[in-house]
**Student:** 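Below: one structure in structure tokens.
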Amino acid sequence: MEASIMDGPKRRCGAVSGLTTVKNPISLARLVMDKSPHSYMAFDGAEEFARRQGVALVDNQYFITEENVGMLKLAKEANSILFDYRIPTVGLETCSAGAASVEAALQMNGLPLSVYAPETVGCVVVDGQGRCAAGTSTGGLMNKMSGRIGDSPLIGAGTYAGELCGVSCTGEGEAIIRGTLARDVAAVMEYKGLGLQEAVDFVIKERLDEGMAGMIAVSRNGEVAYGFNTTGMFRGCATEDGFMEVGIWE
Amino acid sequence: MGWAIALHGGAGDIPLSLPPERREPREAALRHCLQIGVAALQTKRPPLDVVELVVRELENNPNFNAGRGSVLTTDGTVEMEACIMDGNTKKCGAVSGLTTVVNPISLARLVMEKTPHIYLAFDGAEAFAREQGVETVDASHFITPENIERLKQAKEANRVQIDYTQPITKDMKKETPTADGDSQIGTVGCVAVDTHGNLAAATSTGGMVNKMVGRIGDTPIVGAGNYANSLCAVSATGKGEAIIRSTVARDVAALMEYKGLSLDEAAAYVISECAPRGTAGLVAVSATGEVTMQFNTTGMFRACASEDGYSEIGIWPNSMQN
């Protein structure tokens with residue numbers, strides 16, 4: 001598991017990768033930020049740091065669900081890498097773990113891909129004083145190579161927060177890394193003067209090439225925005241003036 | 001528009017009093033690496049090949065903090081990381097936590113070319129290395145007496161040092177101590193552009209002296225220590241945590257793209273405004289064959305050359321060079 005967190009005002013950040021027993025990776029990422037001289041800890045070193053910090057640890061089995069075991073089996077049979085949630089490809093009516101054919105129509109990094117909607121989780125927040133923060137956490141890709149790190153723990157890719165905004169991304173990790181998606185939203189706001197939604201739209205449209213991804217963002221002006229070029233993105237947002245929305249598709 | 005290349009052996013608090021026996025081998029190495037990089041560009045090798053071969057050379061040189069000569073973790077071990085990126089395709093590869101791979105940059109390239117992923121680390125990366133049959137050696141190969149000494153000093157001072165210090169011998173003291181005594185050098189990198197404007201960047205490091213086991217710095221993080229797109233290629237060095245926060249390499253390119261700054265202006269802006277004084281240096285080339293090398297530290301081991309005949313090798317700011 002991996003995660004990263006970033007605090008806008010001073011752009012402090014913390015990230016972790018390769019966790020196997022830490023119950024809440026995002027909290028360990030925060031501890032890396034607050035309690036270590038570093039910004040990013042991984043694998044054995046991160047687990048050791050976790051032990052020393054006394055965070056809640058559980059057996060690795062705790063994290064494993066039957067559904068994921070089933071999906072891994074299917075992924076191996078299809079010899080592909082899956083995002084961790086299956087949305088039916090065009091033409092299928094239902095969506096279930098047992099859904100049949102794995103379509104090779106869509107490609108990721110040149111490999112056949114079966115699914116579009118990964119379940120990385122993330123959150124972005126801005127308070128009444130315009131201070132932004134962002135956090136992202138994930139188990140990564142189903143059937144990924146051992147030791148594979150995705151975008152979620154990489155500052156500037158899956159997570160970013162600065163003076164102007166906070167951003168958290170989800171989707172095809174490799175495309176998000178290549179496009180430095182989270183940082184680019186802030187960069188076009190900063191260097192091109194775009195507004196939050198404009199920046200999100202720009203990045204989704206221009207920075208993804210063939211990649212599939214989505215993001216949520218907040219600005220120091222209290223705005224909320226999101227964008228995705230996938231079929232859907234599980235999301236929820238709310239602002240102080242009473243606006244509230246939960247959605248999956250457009 | 002011609003080809004251009006720039007490389008570095010680390011930015012940091014390199015004392016002006018660096019004795020010849022420590023300065024000359026590094027200068028010679030920079031000169032040698034520049035020559036082989038230039039020769040490769042002249043024979044039309046793609047920039048991706050050029051940056052890889054130059055960084056391999058720097059990794060093999062025990063005087064720089066990458067590959068052999070990497071600084072040590074708090075446990076006295078070596079954990080190496082690297083990143084390579086191709087400007088046109090923005091394809092990239094990164095590795096962290098390597099302990100036996102002789103050339104981390106080449107493994108990073110294999111991650112890019114032979115896996116569906118970008119970044120592999122620790123046991124998984126080492127396993128991949130074995131699958132790929134890259135050259136691996138006993139971990140002790142990378143450890144140099146100099147670095148054992150640096151770790152000892154860092155522990156005595158109970159501080160985390162950035163990469164490089166002059167090991168303090170009994171009869172010599174650091175002449176230019178920084179406010180907190182930390183010395184900042186390390187990481188090697190190379191950026192290159194050919195006559196068609198193809199760009200590539202590669203960076204490799206052992207990290208920070210006395211770092212916690214498992215600590216990852218800016219080097220393998222695309223956009224922080226290493227970046228290339230169709231406008232420019234950038235390799236950064238310095239205090240990892242600061243470079244990550246300021247997304248140094250990406251910002252140089254972003255300023256060019258979104259604000260229309262020139263390569264030089266963009267690099268100058270990032271070095272002076274985005275990264276705190278004493279924390280960063282970078283080398284960069286643009287698609288139009290420009291080169292820039294900038295740093296806000298005391299010095300940066302560096303070298304560059306371009307097709308118009310210009311070449312430079314340096315350590316301290318040009319205004320101070322003899």
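Sequence lines set the chain letters: A, B, ... in the order given, protein chains first and strands last, and positions in each chain run from 1.
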**Student:** Distance from B/Arg215 atom CZ to A/Ser39 atom OG, nearest 0.5 Å?
**Tutor:** 8.0 Å
**Student:** Using a 3.5 Å distance criterion without hydrogens, assess whether the side chain of A/His38 forms a donor-acceptor pair with backbone atoms of B/Met212.
**Tutor:** yes
**Student:** Answer yes or no: is there a donor N or O on one side and an acceptor on the other, between the side chain of B/His117 and the main chain of A/Met145, under 3.5 Å?
**Tutor:** yes
**Student:** Given the options A/Leu194, A/Asp44, A/Ile155, which has more heavy-atom pairs under 4.5 Å with chain B than any of the others?
**Tutor:** A/Ile155
**Student:** I'd like to know which of B/Leu255, B/Leu261, B/Val213 tops the heavy-atom pair count under 4.5 Å against chain A.
**Tutor:** B/Leu255
**Student:** Can you list the residues that meet the salt bridge (Lys or Arg N to Asp or Glu O under 4.0 Å) rule with B/Lys114, with sequence neighbours excluded?
**Tutor:** none
**Student:** If contact means a heavy atom pair closer than 4.5 Å, which residues of residues 181-193 of chain A contact chain B?
**Tutor:** A/Arg183, A/Asp184, A/Ala187, A/Val188, A/Tyr191, A/Lys192
**Student:** Can you tell me how far apart OH (B/Tyr119) and CD (A/Glu2) are? Round to the nearest 0.5 Å.
**Tutor:** 9.5 Å
**Student:** Just to be sure I understand the criterion: a residue of residues 216-231 of chain B counts if one of its heavy atoms is under 4.5 Å from a heavy atom of chain A. Which ones qualify?
**Tutor:** B/Ile216, B/Ile221, B/Val222, B/Gly223, B/Tyr227
**Student:** Counting only heavy atoms closer than 4.5 Å, note whether A/Ala42 contacts chain B via side chain, backbone, both or neither.
**Tutor:** both
**Student:** Tell me, side chain or backbone of B/Ala121 under 4.5 Å from chain A's heavy atoms, or both, or neither?
**Tutor:** both
**Student:** Rounded at 0.5 Å granularity, tell me how far CZ in B/Phe122 sits from CD1 in A/Ile149.
**Tutor:** 7.5 Å
**Student:** What part of B/Thr73 lies closer than 4.5 angstrom to a heavy atom of chain A: side chain, backbone, both or neither?
**Tutor:** neither
**Student:** Output the distance between atom OG (A/Ser36) and atom NZ (B/Lys211), rounded to the nearest 0.5 Å.
**Tutor:** 13.0 Å
**Student:** Does any N or O in the side chain of B/Arg245 come within less than 3.5 Å of the main-chain N or O of A/Arg11, such that one atom is a donor and the other an acceptor?
**Tutor:** yes
**Student:** Roughly how far, to the nearest 0.5 Å, is the OH atom of A/Tyr40 from the OG atom of B/Ser96?
**Tutor:** 7.0 Å
**Student:** Under a 4.5 Å cutoff for heavy-atom pairs, which residue among B/Asp123, B/Asp251, B/Ile244 has the most contacts with chain A?
**Tutor:** B/Asp251
**Student:** Name all residues meeting the salt bridge (Lys or Arg N to Asp or Glu O under 4.0 Å) criterion together with B/Glu257; count only those two or more places apart in sequence or in a different chain, and write none if there are none.
**Tutor:** A/Arg207, B/Arg250
